[in-house]
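Working notes, structure below.
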Amino acid sequence: MLDTPHPTPAAPCLDQQKLATALSGLHFIGGRYVPARSGKSFAVVNPATGEEVARAAEGDAQDVDAAVQDAARAQKEWAKMPARKRGALVHQCAALLKEHAEELARLIALETGKALRTESRVEAGVVADVFEFFGGLGGELKGESVPFAPNVLSVTVREPLGVVGAIIPWNVPMLLMALKVAPALVAGNTVVVKSAEEAPLAVLRICELMNRVLPPGCFNMLSGMGPECGAPLVEHKLVKKVTFTGSVETGKIVAKAAAEKIVPVTLELGGKSPMIVFADCDFAKTVQGALTSMRFTRQGQSCTAASRIYVERPVFDQFVEEMRKAVDAMVMGDPLDEKTDIGTIISPGQFEKVQAFIEEGKKTAGAVAHECSALPKDQALKKGLFLRPVIFTGLTRDSRLVQEEIFGPVTVIQPFDDPEAVLAEANDSEYGLAASLWTNNLKVGLDLAHRLEAGLVQINQNLVVQANLSYGGVKSSGLGKEASLEAMLEHFTHKKTIMVNMG
Ligand code: NAI
Ligand code: MG
């Protein structure tokens with residue numbers, strides 16, 4: 001055990017490397033930073049330079065048990081606190097997150113390679129917003145009265161589930177953590193999070209900030225490998241709810257483990273989100289919309305990325321050309337440089353996976369690969385995982401690049417002639433997370449919006465997670481919703497019925 005429970009500085013620290021070093025080798029359990037019980041750790045690497053910036057504690061079943069036991073003890077008291085008071089504390093966390101937003105942005109840029117100006121700062125801001133939103137919802141944890149019989153008082157109450165086990169990925173780790181932790185806490189649960197191997201630092205820093213406000217044990221963070229640390233968390237008998245964001249493959253493993261214990265599970269999995277562009281759209285706005293929808297600034301590492309773009313034939317060539325020019329103008333470089341639009345891919349494994357898709361696309365007969373932007377020339381970045389964004393044309397619906405989630409800076413643009421045909425193509429997917437339609441004919445737009453198989457359909461805009469709007473997919477994209485009041489009530493509480501017979 002460490003002598004100092006908090007090796008991190010109290011004031012915001014804009015030296016991301018100093019903070020990374022201070023956070024090295026630690027979990028956060030029961031209100032303290034503690035090393036892994038096994039003493040093991042693994043490297044956290046800056047993907048822009050290939051350099052090790054910190055070690056992360058390599059958690060196993062022993063650490064999981066310690067964290068879950070602490071969370072279970074803390075939950076008994078936490079659940080007794082009036083819900084509005086719990087909400088007020090979560091709201092106070094938002095204030096601290098705002099104060100530390102720049103620090104968190106720099107730390108997340110260091111460990112993930114996401115550009116500071118276009119991505120990392122945005123994430124840090126939204127995290128505070130999510131805490132603020134859920135912090136205000138304590139008073140909504142209320143039930144109903146049911147007119148059963150004149151001499152019977154019949155009511156429902158909302159009760160917390162207990163300890164929540166949350167497993168998060170690396171692409172937007174702070175935000176995806178916040179979407180689980182903030183509602184779970186307000187609803188009276190305590191939480192143990194297992195961070196992603198590639199991005200354990202920023203979420204670990206947040207623990208100490210939250211611990212200034214919340215009772216110890218309410219919020220715990222473990223780092224480690226999926227099978228060795230994630231799986232025992234999902235399987236732990238005191239974990240009464242599992243919430244997961246990541247790949248479909250791992251989502252199935254997690255859902256099976258939850259089924260073994262009969263506990264509820266929420267899954268936010270991948271996507272292959274279609275963007276449908278009609279010739280009558282507001283053209284310049286739609287090209288901009290395609291850039292943001294495809295999340296090129298995050299190297300396309302987004303579950304809602306518009307990785308299939310269907311464009312009505314009369315404007316197809318012009319659209320491809322304008323998009324190519326716009327992506328070309330984006331600056332790829334040091335994630336911490338204010339001039340940079342696009343940073344790096346997260347890890348060598350993801351880099352190879354995305355490159356394999358690009359190679360396969362290039363070899364496909366009839367396909368054209370428009371490679372955009374330029375690799376950085378800076379010598380310090382020569383080992384960085386930079387990859388030029390690629391816009392493919394000439395691929396058809398049976399291509400693996402049209403069917404599978406690439407999770408990289410690769411989009412496929414295809415022409416269409418008929419709304420019914422494009423609807424059929426858009427729905428011809430294993431996934432159903434998000435979709436967007438771009439047209440000034442709202443009659444057509446609204447009709448297709450109702451018939452697209454997706455959890456979120458937007459016309460003439462493409463925003464991502466917005467606190468207050470339910471977010472979550474259908475088909476293989478997942479189970480359950482996040483980000484809203486309904487999501488908090490449905491997924492982090494159960495409804496108990498109480499009847500009193502006064503006859
Ligand atoms: P993954 O789904 O394997 O990892 C997500 C989280 O699950 C990590 O914290 C990981 O440690 C944990 N995990 C892995 N195996 C586990 C197990 N057996 N039990 C419990 N937890 C486990 O995703 P990965 O390998 O990082 O990326 C692979 C692909 O997944 C990507 O190429 C992308 O297509 C997709 N993905 C989708 C995300 C989304 O936002 N929906 C986020 C990250 C990846
Ligand atoms: Mg994996």
Side-chain angles (χ1 to χ4, degrees), residues 42 44 47 56-61 64 111-112 114 123 165-177 179-180 192-200 203-204 221-236 239 242-260 265-273 295 298-305 307 345-357 385 387 400-401 403-410 430-434 455-456 464-465 471-473 475-480 482-483:
F42 60 95
V44 184
E58 191 168 335
D60 60 20
V64 168
E111 64 182 331
T112 64
K114 291 197 299 183
E123 181 182 359
I167 299 194
I168 56 172
W170 43 262
N171 56 336
V172 244
M174 297 191 289
L175 170 60
L176 300 175
M177 186 272 286
L179 290 175
K180 300 175 185 325
V192 179
V193 181
K194 205 292 279 174
S195 59
E197 292 85 326
E198 298 81 356
V203 288
L204 188 61
M221 178 74 59
L222 303 170
S223 47
M225 306 299 141
E228 289 76 21
C229 187
L233 176 61
V234 174
E235 289 159 14
H236 198 290
V239 169
V242 176
T243 169
F244 171 83
T245 302
S247 64
V248 176
E249 192 189 13
T250 306
K252 287 179 186 170
I253 297 173
V254 167
K256 278 183 198 154
E260 280 298 324
V265 58
T266 306
L267 302 172
E268 296 292 342
L269 309 176
K272 191 75 190 175
S273 300
R295 223 77 65 226
R298 202 192 297 153
Q299 291 278 48
Q301 299 172 130
S302 161
C303 43
T304 53
S307 47
I345 301 283
I346 186 77
S347 66
Q350 286 295 120
F351 191 85
E352 277 166 32
K353 184 184 150 191
V354 177
Q355 257 190 335
F357 272 110
L385 301 175
L387 189 58
R400 221 164 61 88
L401 281 80
Q403 291 297 335
E404 294 182 23
E405 181 174 52
I406 301 174
F407 227 66
V410 182
E430 180 195 348
Y431 295 104
L433 188 57
L456 170 66
V464 259
V465 169
Y471 175 80
K475 296 157 83 176
S476 290
S477 291
L479 278 181
E482 293 191 319

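Both counts, for ligands and for their atoms, begin at 1 and track the order of listing.
- Side chain of E482 to backbone of Y471: no donor-acceptor contact under 3.5 angstrom is found.
- Applying the 4.0 Å criterion to heavy atoms of P169 picks out, from ligand 1, the atoms 42 (C), 43 (C).
- Put simply, the side chain of S223 gets close to the backbone of A57: a donor and an acceptor are under 3.5 Å apart.
- Side chain of K272 to main chain of L401: a donor-acceptor pair is present (N/O by atom type, distance under 3.5 Å, no hydrogens or angles).
- Of the protein's non-hydrogen atoms, the one nearest atom 38 (C) of ligand 1 is F407 CZ, 3.5 Å.
- No hydrogens or angles considered: a donor-acceptor pair under 3.5 Å links the side chains of R295 and T304.
- In plain terms, the two heavy atoms of K114 and N171 that are nearest each other are NZ-O, 2.9 Å.
- For atom 3 (O) of ligand 1, the nearest protein heavy atom lies under 4.0 Å away.
- By the 4.0 Å heavy-atom criterion, S195 is counted among the residues contacting ligand 1.
- Listed for the E123 side chain is a donor-acceptor partner under 3.5 Å among the backbone atoms of L175.
- For atom 13 (N) of ligand 1, the nearest protein heavy atom lies under 4.0 Å away.
- Any N or O atom pair closer than 3.5 Å counts here, and L269 shares at least one such pair with ligand 1.
- Residue E405 has at least one heavy-atom neighbour below 4.0 Å for each of these atoms of ligand 1: 33 (C), 34 (O), 35 (C).
- By the 3.5 Å distance cut-off applied to N or O atoms, G246 is counted among the residues near ligand 1.
- Contacts with ligand 1 closer than 4.0 Å are made by backbone heavy atoms (N, CA, C, O) of I168 only, the side chain lying farther away.
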